[in-house]
Amino acid sequence: MEEDVVEIPGEVTQRLRVAEMVAVMTGAGVSAESGVPTFRGDGGLWKNQRPEQLATPQAFEKDPDLVWEWYHWRRGLIRESSPNAAHHSLVQIERNTPQFTLITQNVDGLHLTAGSKTVLEIHGNINRARCSSCSHRVPLSDETGVLTCGQCGALMRPDVVWFGESLDHGTLEASHSASGSADFFLVAGTSSVVQPAASLAYAAKEKGGYVLEVNLDPTPLTGTADVTLLGKAGEVLTALVEKTWDG
Ligand code: BJW
Ligand code: ZN
């Protein structure tokens with residue numbers, strides 16, 4: 001059977017090859033080929049739960065057992081997964097670019113496992129817990145149940161950003177700065193509906209950056225992006241790297 005070949009327009013590779021500053025925004029679609037479920041759309045939903053139902057401070061206040069159970073279950077899945085071709089391609093892009101910042105909404109840590117160096121995890125990391133009272137942080141491995149703080153005894157919570165919560169100020173500042181100065185901004189595997197993450201591509205475009213979107217389907221960003229390549233992130237990004245630097 002003939003394999004599908006992803007067509008990468010020459011304009012895209014040309015722009016990427018000459019870019020001084022590349023910024024990338026990734027979302028759950030980039031980890032989908034590692035077997036990590038996305039939040040929305042077909043095959044999405046973690047354990048049939050909408051993120052709006054469990055990824056909130058209100059849900060945690062009401063039922064910390066349920067929320068912790070959900071996160072322990074997700075962490076177990078993530079522990080079994082490994083980076084895919086999309087993560088590896090982004091490592092290659094970083095190596096080939098003078099200045100590079102990878103902004104990720106993903107909490108699975110797979111970009112760091114793959115070897116990306118400059119990574120801003122704007123929604124936190126599921127493999128850490130932090131105290132809801134004193135901000136003490138601990139790495140997690142195979143814990144179960146509700147966790148309490150070793151420093152002050154208060155409830156620990158996953159070290160992620162829930163709906164209605166502010167993103168870490170410094171991380172958000174760094175993301176704005178990278179987006180605003182990027183001459184090439186790549187948005188991959190995100191539905192581009194969650195703020196403030198979704199706004200960064202528009203900011204990059206306004207400042208004159210070239211915006212490439214990679215997704216299985218069109219998103220609200222598609223009308224604004226310079227080019228949208230529809231396909232699996234692993235396949236499209238592999239083809240992008242090959243065509244940009246290997247011929
Ligand atoms: C593939 C693929 C393959 C699949 N290859 N592609 C302004 C306007 C309106 C609302 C707001 C606003 N400002 C703030 C808000 C409220 C809210 C918000 O944005 N709501 C919207 C839903 C409307 N934002 C917040 O509350 C944020 N806080 C904030 O702004 O604080 C200040 C403030 C507070 C209150 C009021 C106003 C201001 C915080 C947002 C935190 C989001 N947290 C979560 C959970 C993290 C922890 C956890 O993991 O449990 O982050 S929600 C969830 O969504 C998670 C994700 O990072 C995030 C984005 O999802 P993502 O990555 O885009 O995944 P999907 O599943 O949506 O999409 C996958 C995509 O991949 C799809 O497009 C597929 O097609 C594609 N795909 N396979 C390529 N192989
Ligand atoms: Zn504490």
Side-chain angles (χ1 to χ4, degrees), residues 6 25-47 49-60 67-68 70-75 77-78 84-87 89 103-109 121-138 147-169 171-172 175 186-202 213-222 228-238:
V6 186
M25 165 64 74
T26 63
V30 157
S31 292
E33 290 155 70
S34 294
V36 180
T38 59
F39 292 91
R40 300 166 185 84
D42 289 350
L45 304 189
W46 291 88
K47 224 178 179 184
Q49 300 281 354
R50 301 181 62 80
E52 293 82 354
Q53 272 160 358
L54 287 185
T56 69
Q58 293 77 14
F60 187 67
V67 173
W68 264 121
W70 190 54
Y71 279 95
H72 289 321
W73 175 81
R74 289 178 49 189
R75 226 176 50 253
L77 274 187
I78 288 166
N84 66 58
H87 299 101
S89 298
I103 307 159
T104 187
Q105 296 168 80
N106 298 344
V107 298
D108 54 34
E121 294 181 315
I122 60 172
H123 290 165
N125 191 305
I126 198 169
N127 294 309
R128 276 192 317 259
R130 75 166 191 268
C131 178
S132 53
S133 176
C134 77
S135 295
H136 176 57
R137 283 179 163 80
V138 291
L147 308 178
T148 49
C149 177
Q151 303 280 319
C152 76
L155 270 189
M156 297 293 276
R157 52 162 287 175
D159 193 7
V160 298
V161 181
W162 285 327
F163 282 114
E165 294 186 320
S166 300
L167 281 65
D168 174 75
H169 181 72
T171 308
L172 188 58
S175 304
L186 165 61
V187 183
T190 172
S191 53
S192 287
V193 296
V194 173
Q195 299 294 350
S199 68
L200 295 175
Y202 298 87
E213 180 184 42
V214 176
N215 201 302
L216 285 181
D217 299 309
T219 73
L221 177 67
T222 304
T228 294
L229 299 175
L230 297 180
K232 289 186 173 179
E235 292 171 11
V236 177
L237 295 182
T238 300

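Computed from heavy atoms alone, side chains included, the values below leave out hydrogens, waters and symmetry copies. Just so you know, ligand 1 is whichever comes first in the structure, and atom 1 is the first atom listed for that ligand. Numbers for residues simply follow the sequence, beginning at 1.
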Going by the atom numbers of ligand 1, which of them fall below 4.0 Å from some non-hydrogen atom of [X]?
X      : answer
Gly27  : 62 (O)
Pro196 : 30 (O)
Glu165 : 27 (C), 28 (N), 29 (C), 31 (O), 39 (C)
Gly189 : 6 (N), 69 (C), 70 (C), 71 (O)
Val160 : 47 (C)
Ser166 : 31 (O)
Arg74  : 48 (C), 49 (O), 50 (O)
Gly231 : 5 (N), 79 (C)

Any donor-acceptor N/O pair, [X] side chain to [Y] backbone, under 3.5 Å:
X      : Y      : answer
Ser132 : Arg157 : no
Thr222 : Thr219 : yes
Thr56  : Glu52  : no
Glu165 : Pro57  : no
Glu33  : Gly234 : yes

Ignoring angles and geometry beyond distance, decide whether [X] reaches within less than 3.5 Å of ligand 1 through its nitrogen or oxygen atoms.
X      : answer
Gln195 : yes
Gly164 : yes
Glu52  : no
Ser192 : no
Lys232 : no
Tyr71  : yes
Val161 : yes
Asn215 : yes
Val214 : no

Applying the side-chain contact (heavy atoms from CB on, under 4.5 Å) criterion to Cys149, which one of Arg137, His136, Arg130 satisfies it?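 One option only clears the test, and that one is His136.
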| query | Any idea which of Gln105, Arg40, Glu33 brings a heavy atom closest to atom 54 (O) of ligand 1? | reply |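 Comparing heavy atoms across Gln105, Arg40, Glu33, the nearest one to atom 54 (O) of ligand 1 lies in Arg40.
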On a heavy-atom basis, I'd like to know which of Ala28, Gly29, Ala188 is closest to atom 3 (C) of ligand 1.
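It is Gly29 that holds the nearest heavy atom.
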How many angstroms lie between atom [atom1] of [X] and atom [atom2] of [Y], to the nearest 0.5 angstrom?
X      : Y      : atom1 : atom2 : result
Ile103 : Leu200 : CD1   : CG    : 5.5 Å
Thr228 : Asn215 : OG1   : CG    : 8.0 Å
Asp217 : Leu230 : CG    : CG    : 7.0 Å
Ile126 : Asp108 : CD1   : CG    : 8.5 Å
Arg75  : Asn127 : CZ    : CG    : 6.5 Å

message: Given a threshold of 2.8 Å, state how many protein N/O/S atoms are nearer than that to the Zn ion (ligand 2).
response: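 There are 4 of them.
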request  = Check each of Ser34, Ser89, Ser31 against Asn84 using the side chain to side chain donor-acceptor pair (under 3.5 Å) test, and report the only one that passes.
outcome  =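 Filter result, single survivor: Ser34.
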- request: Report yes if some heavy atom in the side chain of Met25 is under 4.5 Å from a heavy atom in the side chain of Ile122; otherwise report no.
  value: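 In short, these two side chains touch, coming nearer than 4.5 Å.
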At under 4.0 Å between heavy atoms, is it the side chain or the backbone of Ala32 that contacts ligand 1, or both, or neither?
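The side chain, only.
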Heavy-atom pairs closer than 4.0 Å: do any link ligand 1 to the side chain of Val193, the backbone, both, or neither?
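Within the 4.0 Å criterion, Val193 contacts ligand 1 through backbone atoms alone.
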Review item, side-chain donor-acceptor pairs of residues 191-199, under 3.5 Å, at least two apart:
residue	atom	partner	partner atom	Å
Gln195	OE1	Ser199	N	3.3
Ser199	OG	Pro196	O	2.6

task: Of all the heavy-atom pairs spanning Trp70 and Pro51, show the shortest one and how long it is.
output: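 For Trp70 and Pro51, the tightest heavy-atom pair comes out as CH2-CA, 4.4 Å.
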- Query: Of the non-hydrogen atoms in Val107 and His123, which two are nearest, and what is the gap between them?
  - Reply: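 Distance-wise, the nearest heavy atoms are CG1-O, 3.2 Å.
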**Request:** Decide whether the shortest distance between a heavy atom of Pro158 and an atom of ligand 1 is less than 4.0 Å.
**Result:**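 Per 4.0 Å heavy-atom rule, Pro158 does not contact ligand 1.
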